[in-house]
Amino acid sequence: MLRGEVLLITFAAIQPGLAAAAPSPEFIIRNAIKLESPVELPDRMFPELKGYDVIILGEMHGTNEAPAFVQGLLRLIARNGRSAFLAVEIPAGEQHAIDSFLETGRIDILKKTAFFSRDFQDGRSSRAMAGLLEAVRSIPGVEVVCFDPGISAGAQERDSGMARNIKDAFLRLRKDHAVVLAGNVHASIGRGTSWDKNYRPMGYLLHAGPGAIFSQDEILAVLNRYKKGSAWVCSGGAASDCKETALEQKDSGYTLAVPWSSYFLKEPELARGYNATFFSRAITASAPLGRQ
């Protein structure tokens, strides 16, 4: 087993049925870490993260909060003297263009890619994502890996390709950490989803799939939970189905235990495939980069 530390931050649109019962209010009050800003995480968070080889954060695509939190994680890691690479849910075929952007900072390079200019804007090619890539340019030693395999025979094959690409990047780059941003379904380290109990998400395959180099105990899967707000999401398969959409989740212990607008919490046990929470009381939509 390689002893580096991978922070896997994965974000796919959360299914409404995935919400699990919150830990007790007393547990949240004792253990939650208040976040004043997702891009400037407190140093007291680092001991909560550094013992894991993999940290997964699952997002709802198309928000400002998730990419901001990933930026905060990268800055926190660098501030504590560790190296990292960022893996993003962008097709591997765009790697050269992303590398060119990171080298030059020319936003027109991103806008001209097939990924950022496609008609079907599902939230992954948002202004917030572009902002994250821009921020990476100022964080020492951070490299970016596009880990989405692109065209696949089906969802399961795509998750398998994602896990394989992340593992290969970790072996190749030899960084202390890998920070992976992807959808929250991909992020789960548990087997099964709300629609298929046998489905094997990317996070699960990282510790239980063919050639896995991590154990489950070396993975922290963080879910971005929220109370309400909006996200740029697609309700169907047509480009016209993608738009800013109002969202709201039922009140839960996560919402009621503390009055803070944002916090980080290590869960007392694995809950529906996640063992940590990044809570945002309100999420805000981030429009596609190319949208005026």
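Bear in mind that the values here come from a model prediction, so they are computed numbers and not experimental data.
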Pairs under 3.5 angstrom only: tabulate donor-acceptor contacts from the side chains of residues 159-166 to other protein residues two or more places apart or in another chain.
{"from": "Asp159", "atom 1": "OD1", "to": "His186", "atom 2": "ND1", "distance (Å)": "3.2"}
{"from": "Asp159", "atom 1": "OD1", "to": "Tyr199", "atom 2": "OH", "distance (Å)": "2.7"}
{"from": "Asp159", "atom 1": "OD2", "to": "His186", "atom 2": "ND1", "distance (Å)": "3.1"}
{"from": "Asp159", "atom 1": "OD2", "to": "Met202", "atom 2": "N", "distance (Å)": "2.7"}
{"from": "Ser160", "atom 1": "OG", "to": "Gln156", "atom 2": "O", "distance (Å)": "3.0"}
{"from": "Asn165", "atom 1": "ND2", "to": "Phe147", "atom 2": "O", "distance (Å)": "3.0"}
{"from": "Asn165", "atom 1": "ND2", "to": "Gly161", "atom 2": "O", "distance (Å)": "3.4"}

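Annotation: the span from Leu206 atom CG to Lys167 atom NZ amounts to 9.5 Å, rounded to 0.5 Å. With rounding to the nearest 0.5 Å, the separation of OG1 in Thr255 from NZ in Lys250 is 12.5 Å. Rounded to the nearest 0.5 Å, atoms CG (Asp176) and CZ (Phe170) are 8.5 Å apart. Distance check: Asp43 CG to Met45 CE gives 10.5 Å after rounding to the nearest 0.5 Å.
Side-chain contact between Leu265 and Pro23 is present, with heavy atoms from C-beta onward closer than 4.5 Å. Pro25 has its side chain out of reach of Leu256: every pair of non-hydrogen atoms, C-beta onward, lies at least 4.5 Å apart. Looking only at side-chain heavy atoms (C-beta outward), Glu134 and Ile107 stay at 4.5 Å or farther from each other. Side-chain contact check for Asn224 versus Met60: every heavy-atom pair is 4.5 Å or farther apart. Looking at heavy atoms from C-beta onward, Phe101 lies out of side-chain contact with Val144 at the 4.5 angstrom threshold. The shortest distance between side-chain heavy atoms of Ile98 and Val88 does not fall below 4.5 Å. Side-chain contact between Lys228 and Gln249: absent, with no pair of heavy atoms (C-beta onward) separated by less than 4.5 Å. Side-chain atoms of Arg124 and Phe115, non-hydrogen and from C-beta on, do get closer than 4.5 Å to each other.
Here the closest heavy-atom approach between residue Pro42 and residue Leu76 is recorded as O-CD1, 3.7 Å. Minimum interatomic distance between Ile109 and Ala97 (heavy atoms only, all atoms of both residues): CG2-O, 3.4 Å. Residues Phe278 and Pro38 approach most closely at CZ-CB, 4.3 Å, considering heavy atoms. For Gly203 against Ile219, the heavy-atom pair with the smallest separation is O-CD1, 4.0 Å. Between Thr104 and Arg137, the shortest heavy-atom distance links the atoms C-NH2, 3.6 Å. His207 and Ile189 get closest at one heavy-atom pair: NE2-O, 2.8 Å.
By the side-chain contact (heavy atoms from CB on, under 4.5 Å) test, Asp119 pairs with Ala239, sequence neighbours left out. Scored by the salt bridge (charged side-chain N to carboxylate O under 4.0 Å, His left out) test, Glu36 finds Lys34 as partners (sequence neighbours excluded). The salt bridge (charged side-chain N to carboxylate O under 4.0 Å, His left out) check on Lys243 picks up nothing, with sequence neighbours excluded. Arg158 pairs by the salt bridge (charged side-chain N to carboxylate O under 4.0 Å, His left out) definition with Glu89, Asp148, not counting sequence neighbours.
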Side chain to side chain contact (heavy atoms under 4.5 Å, CB included), that's the test. Do Glu65 and Thr284 meet it? Break it down for me. CA-CA 7 Å; Glu65 286 68 33; Thr284 55; 2.8 Å; yes
Please lay out, stage by stage, how Cys234 and Asp122 fare under the test side chain to side chain contact (heavy atoms under 4.5 Å, CB included). CA-CA 6 Å; Cys234 301; Asp122 59 2; 3.8 Å; yes
Please step through side chain to side chain contact (heavy atoms under 4.5 Å, CB included) for the pair Leu49 and His177, ending with a clear verdict. CA-CA 10 Å; Leu49 309 176; His177 304 269; over 6 Å; no
Quick one: do Leu86 and Leu132 satisfy side chain to side chain contact (heavy atoms under 4.5 Å, CB included)? Show the steps, please. CA-CA 10 Å; Leu86 168 64; Leu132 171 60; 3.9 Å; yes
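At distances below 3.5 Å, not a single donor-acceptor pair connects side-chain atoms of Glu94 with backbone N or O atoms of Pro91. For Ser286 (side chain) and Ser126 (main-chain N/O), no donor-acceptor pair under 3.5 Å exists by modelled atom type. Judged by distance alone, with hydrogens and angles left aside, the side-chain atoms of Glu244 form no donor-acceptor pair with the main-chain N or O of Ala287 at under 3.5 Å. Without hydrogens or angle criteria, Ser230 side chain to Ala285 main chain gives a donor-acceptor distance under 3.5 Å. No donor-acceptor distance shorter than 3.5 angstrom exists from the side chain of Ser262 to the backbone of Trp260, with no hydrogens or angles considered. At least one donor-acceptor pair closer than 3.5 Å links the side chain of Asn275 to the backbone N or O of Ala221. A distance-only check finds no donor-acceptor pair linking the side chain of Ser188 to the backbone of Val185 [under 3.5 Å]. Side-chain atoms of Tyr254 never come within 3.5 Å of backbone atoms of Ile28 as a donor-acceptor pair (strictly under, hydrogens ignored). The closest donor-acceptor contact from the side chain of Arg106 to the backbone of Asp108 lies at 3.5 Å or more, if one exists at all. Not one N or O on the side chain of Lys266 forms a donor-acceptor pair closer than 3.5 Å with the backbone of Leu220.
Residues Leu205 and Leu223 are members of separate hydrophobic clusters, defined by side-chain heavy-atom contacts under 4.5 angstrom among Ile, Leu, Val, Met, Phe, Trp and Tyr. Both Phe116 and Leu181 belong to a common hydrophobic cluster when Ile, Leu, Val, Met, Phe, Trp and Tyr are linked at side-chain heavy-atom distances under 4.5 angstrom. Side-chain heavy atoms closer than 4.5 Å link hydrophobic residues (I, L, V, M, F, W, Y) into clusters, and following such links, possibly through other members, connects Ile139 to Val179. Residues Val142 and Val39 do not share a hydrophobic cluster, clusters being chains of Ile/Leu/Val/Met/Phe/Trp/Tyr side chains in contact below 4.5 Å. Placement of Trp232 and Leu247 in two distinct hydrophobic clusters is found when ILVMFWY residues are connected by side-chain heavy-atom separations under 4.5 Å, directly or transitively.
Geometric assessment of Arg272 against the ring of Tyr274 yields a negative cation-pi assignment under the 6.0 Å and 45° thresholds.
Relative ring orientation between Phe69 and Phe264 is described as parallel, the plane-to-plane angle staying below 30° on a 0-90° scale split at 30° and 60°.
Summarising the local packing, CD1 of Ile29 is surrounded by more than 12 heavy atoms from other residues, nucleotides or ligands at distances under 6.0 Å.
A salt bridge (Lys or Arg N to Asp or Glu O under 4.0 Å) check over residues 179-202, counting only residues at least two apart or in different chains, returns nothing.
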